[in-house]
Amino acid sequence: MLCRIVLILGTKRCVFGFTVMRQYATLGDAIYDVCQAWCKSHGYSDPFCRNGEWWAFPPSGVIPIQIKSVLDDGSEQVVKIGSLELTLFPDGTVSSAPSKRYSRIRNALMPYE
């Protein structure tokens, strides 16, 4: 989720954008939500999981395709499940290392953490 903060200082207007890390109760909830969000933003519909693989119907398509076959750079999201932070991809792939994009943002916003 991308958030924007607008600060007005005198006559100057500053806009800051940052990514908010979503908190989930279970890994399954996180995978489902990340997959749904990716499908919505890319025009895919009716995502479903079959044999551990996520599939969805492409825009104007009638045959579902595997989501992992059409992923692009930057499609990952950092999520939090309890105290665990994971990088999660829309196809359900999980990495324990935070994404480079998130690390840069986090370091810029919270350098003393």
Side-chain angles (χ1 to χ4, degrees):
M1 176 188 327
L2 180 65
C3 293
R4 289 199 172 109
I5 296 176
V6 178
L7 297 174
I8 300 174
L9 306 170
T11 59
K12 294 188 178 185
R13 181 175 177 234
C14 301
V15 179
F16 300 94
F18 61 94
T19 303
V20 175
M21 186 184 331
R22 299 280 313 261
Q23 176 79 38
Y24 295 95
T26 67
L27 179 60
D29 291 342
I31 292 171
Y32 179 80
D33 195 45
V34 169
C35 181
Q36 287 285 341
W38 182 89
C39 286
K40 183 178 179 181
S41 69
H42 287 82
Y44 284 71
S45 62
D46 302 319
F48 62 93
C49 185
R50 175 143 313 134
N51 298 325
E53 299 285 340
W54 280 91
W55 298 70
F57 291 89
S60 303
V62 294
I63 299 174
I65 60 170
Q66 284 185 321
I67 292 176
K68 71 179 179 182
S69 67
V70 292
L71 288 180
D72 51 3
D73 289 338
S75 61
E76 73 277 2
Q77 288 187 17
V78 178
V79 298
K80 192 167 187 175
I81 303 166
S83 61
L84 180 64
E85 292 179 12
L86 297 171
T87 301
L88 189 58
F89 294 86
D91 67 341
T93 307
V94 177
S95 172
S96 61
S99 71
K100 292 177 185 175
R101 179 176 51 162
Y102 174 74
S103 296
R104 284 194 306 268
I105 293 169
R106 183 174 183 171
N107 291 338
L109 294 175
M110 298 172 274
Y112 302 111
E113 193 173 69

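Both Leu86 and Leu71 belong to a single network of hydrophobic side chains, linked directly or stepwise wherever heavy atoms of I, L, V, M, F, W or Y lie under 4.5 Å apart. Clustering ILVMFWY residues whenever any of their side-chain heavy atoms sit less than 4.5 angstrom apart, transitively, puts Ile65 in the very cluster that holds Val34.
Closest of all the heavy-atom pairs between Arg50 and Trp55 is O-NE1, 4.1 Å. Between Cys39 and Pro47, the shortest heavy-atom distance links the atoms SG-CB, 3.8 Å. Counting all heavy atoms, side chain and backbone alike, Tyr24 lies closest to Val79 at CE1-CG1, 3.6 Å. Among all heavy-atom pairs drawn from Ile81 and Ala25, the shortest one is CG2-O, 3.8 Å.
Remark: Gln23 CD to Asp29 CG distance equals 11.5 Å, nearest 0.5 Å. Separation of atoms CD (Gln66) and CD (Glu53) is listed at 4.5 Å; rounding is to 0.5 Å. In this structure, the separation between CD on Gln77 and OG1 on Thr87 is 10.5 Å, given to the nearest 0.5 Å. With rounding to the nearest 0.5 Å, the separation of OG in Ser75 from NZ in Lys68 is 13.5 Å.
At most 12 heavy atoms of other shown residues, nucleotides or ligands fall within 6.0 angstrom of atom CD1 in Ile63.
Between Tyr44 and Trp38, the ring centre distance stays below 6.0 Å.
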Assess the residue pair Cys35 and Asp91 against the criterion (side-chain contact (heavy atoms from CB on, under 4.5 Å)); give the C-alpha distance rounded to whole Å, side-chain angles, the decisive distance to 0.1 Å, and a yes or no.
CA-CA 6 Å; Cys35 181; Asp91 67 341; over 6 Å; no
task: List the steps and the verdict of side-chain contact (heavy atoms from CB on, under 4.5 Å) for Ile31 and Leu88.
output: CA-CA 7 Å; Ile31 292 171; Leu88 189 58; 3.7 Å; yes
*asked:* Apply side-chain contact (heavy atoms from CB on, under 4.5 Å) to residues Val94 and Leu27 and explain how you reach the verdict.
replied: CA-CA 10 Å; Val94 177; Leu27 179 60; 4.2 Å; yes
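Every residue was checked against the ring-ring contact (aromatic ring centres under 6.0 Å, His included) condition with Trp54, not counting sequence neighbours, and none meets it.
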